[in-house]
Structures are given as C-alpha cells and as structure tokens.
Amino acid sequence: QLGTLSRSVVRQIVEIELSAQANAQERLVHSTMDIVATTLDVDLRGEVQARTEQHRLLQQVQKYMLANLHESGLDVEAVARAQNVAPRTLHRIFSTEGTTPMRWLLRQRLAASHKLLAEGRVDTVTDAAFSLGFSDVSHFGRAFKREFGRLPQTVRRPKVPGEAVRHVLADC
C-alpha cells in the first residue's frame, strides 16, 4: 500500500506546475522524499524480517534432519509434516542455500558415513549405509564415490572396539 501511495504522489507531483512558487515546490519535494524514504524503509524491514524468519526455519529443519539421518523414510513430505510446513516451503528455504532438501540430506548422510568409515566405527560399508538411512548399498556406493571421488571401501578402517555408531551420529 505504501508503494502505491508513493507512486501516486510522485506521478501527481510531476504533473503539478509550481515554477512560480519556489517555496511550495521545495516543501513538496521534501515531503515527497519523506514518503519515498518511509516506503523503502518499511519494505526493506519487511524483507529483512522475512529473511530472518526463513533462516530460523532453515536451521530448525536442518537440525531435525540431522537428528533423523538414520531414518530411511525421511523425505520432503515427512520433514514438512514434522515441521508443520508445506513441502514447497522446504524447497523455497533450501533454495536460498543453492540446494534442495533431499540433496542437503544426502550430503549430510554421506559426510556422516565417511566419518563412520574413516574412524572405524562400523564393521562394513553396508553397516555405514544402513545406519544412515540408505536402503540400497549400490546407490550409497555411487553417491559416495560422486561426493568423495573414491569408493567407501577405500575409506573404511578396521572397527575400533567399543565404539558405537550413535556416538558419531551425535557428533554430526
């Protein structure tokens, strides 16, 4: 509404002939500048607030997803339901980061699996895949190689006795 008011005032001022009344013209210009400045200030504050709310929501959703990396059924609809937002909202907030919710989740799962394998916290590559929500070991292997440039088997160290998968998940 303020934008409409500003446009209307500027259009009307352009049409007014005040050349003989310099004092009136100066007051009108100052008043118009105040209206335009107020409009911009309100618009920018609204944008900043919206971005802050989006960022807060993004962090909340990412925290939820990290806490549920092990859930193989975690998808956009499940996350949206759990966070009481629309799937489209998830796509919109992740797009500000240049990614999608599922691509972000995949990268987190791959990073966590790399850590499990590199620190010897699992017996097999299959254990790493299944403990982080992958249901297809071949898909896991291909995604891992795409992400890290090497096969998961080449990263795996022998399991450290007494270490549990959940310790790594808590660190991620």
Side-chain angles (χ1 to χ4, degrees), residues 1-4 6 38-172:
Q1 287 185 359
L2 286 177
T4 304
S6 290
T38 300
T39 301
L40 290 173
D41 185 47
V42 168
D43 284 349
L44 291 176
R45 284 185 192 190
E47 286 178 25
V48 167
Q49 182 178 358
R51 275 186 287 201
T52 301
E53 289 172 11
Q54 272 189 336
H55 184 69
R56 180 195 52 76
L57 178 59
L58 178 64
Q59 288 180 319
Q60 176 183 320
V61 169
Q62 288 174 335
K63 184 177 178 181
Y64 172 81
M65 292 169 82
L66 286 172
N68 292 282
L69 284 179
H70 61 282
E71 295 290 331
S72 62
L74 196 61
D75 60 12
V76 172
E77 288 74 23
V79 173
R81 241 186 340 273
Q83 297 298 305
N84 295 315
V85 297
R88 176 70 188 117
T89 299
L90 289 182
H91 285 286
R92 192 175 61 251
I93 63 171
F94 276 90
S95 73
T96 64
E97 301 290 309
T99 190
T100 67
M102 297 318 301
R103 192 173 300 135
W104 186 87
L105 178 63
L106 175 63
R107 293 192 85 188
Q108 302 313 305
R109 284 178 166 162
L110 290 170
S113 67
H114 188 283
K115 187 172 183 174
L116 286 176
L117 292 164
E119 293 179 0
R121 298 198 182 197
V122 290
D123 287 323
T124 65
V125 170
T126 302
D127 291 342
F130 288 157
S131 68
L132 286 159
F134 289 94
S135 54
D136 180 344
V137 178
S138 347
H139 171 255
F140 167 72
R142 286 189 306 272
F144 193 97
K145 180 159 182 172
R146 240 186 343 267
E147 183 72 15
F148 301 110
R150 48 195 292 206
L151 293 170
Q153 298 85 329
T154 64
V155 175
R156 189 179 71 79
R157 287 184 32 199
K159 186 173 179 185
V160 177
E163 293 290 336
V165 170
R166 66 182 129 72
H167 293 272
V168 173
L169 293 178
D171 295 341
C172 295

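The model shown is predicted, which means the values in this text are computed figures rather than measured ones.
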**Q.** Separation of D136 CG from R142 CZ (nearest 0.5 Å)
**A.** 6.0 Å
Q: Over all heavy atoms of both residues, which pair between I93 and L58 is shortest? Give the atoms and the distance, please.
A: CD1-CA, 3.7 Å
(Q) Restricting to non-hydrogen atoms, name the atom on N68 and the atom on L74 that form the minimum distance, rounded to 0.1 Å. (A) O-CD2, 3.4 Å
Q | Exam field: side chain R157 to backbone A118, donor-acceptor pair closer than 3.5 Å | A | yes
Q. Is Q62 close to F94 at the side-chain level, that is, under 4.5 Å between some pair of heavy atoms?
A. yes
(Q) Is there a side-chain contact between H91 and P101 in this structure, where contact means two heavy atoms from C-beta onward sitting under 4.5 Å apart? (A) yes
(Q) For F130, give me all partners under ring pair (Phe, Tyr, Trp, His ring centres under 6.0 Å), at least two apart in sequence or on another chain. (A) none
Q. Roughly how far apart are T100 OG1 and L90 CG, rounded to 0.5 Å?
A. 10.5 Å
Q) Distance from T52 atom OG1 to L57 atom CG, nearest 0.5 Å? A) 12.5 Å
(Q) Filter on salt bridge (charged side-chain N to carboxylate O under 4.0 Å, His left out), then keep only pairs touching residues 101-112, sequence neighbours left out; what's left? (A) R107-E147
**Q.** Heavy-atom side-chain proximity of Q83 to Y64 below 4.5 angstrom
**A.** yes
(Q) Using side-chain heavy atoms (C-beta onward) and a distance below 4.5 Å, is L69 in contact with L105? (A) yes
Q.
Do F134 and L106 have side chains that approach each other closer than 4.5 Å (heavy atoms only, starting at C-beta)?
A. yes
Q: Check whether any side-chain heavy atom of V125 lies under 4.5 Å from a side-chain heavy atom of F140, and answer yes or no.
A: yes
(Q) Applying the side-chain hydrogen bond (donor to acceptor under 3.5 Å, both in side chains) criterion to R56, which one of Q59, E53, Q60 satisfies it? (A) Q60
Q: State, to 0.1 Å, how close T96 and Q54 come at their nearest heavy-atom pair, and which atoms those are.
A: CG2-OE1, 3.9 Å
**Q.** Shortest non-hydrogen contact between M65 and V79, atoms and distance
**A.** CG-CG2, 4.0 Å
Q) Which pairs count as salt bridge (charged side-chain N to carboxylate O under 4.0 Å, His left out) when at least one residue sits in residues 67-95, sequence neighbours excluded? A) none
Q: Would you name the heavy atoms of A80 and A86 that are closest together and state the gap between them?
A: CB-C, 4.0 Å
(Q) Within this structure, what is the OG1-NZ distance for the pair T154 and K145, rounded to the nearest 0.5 Å? (A) 8.5 Å
**Q.** Nearest-0.5 Å distance that lies between atom CG in L116 and atom CZ in R156
**A.** 12.5 Å
**Q.** Closest approach of G73 to A78 (non-hydrogen atoms, all atoms of both residues)
**A.** O-CB, 4.0 Å
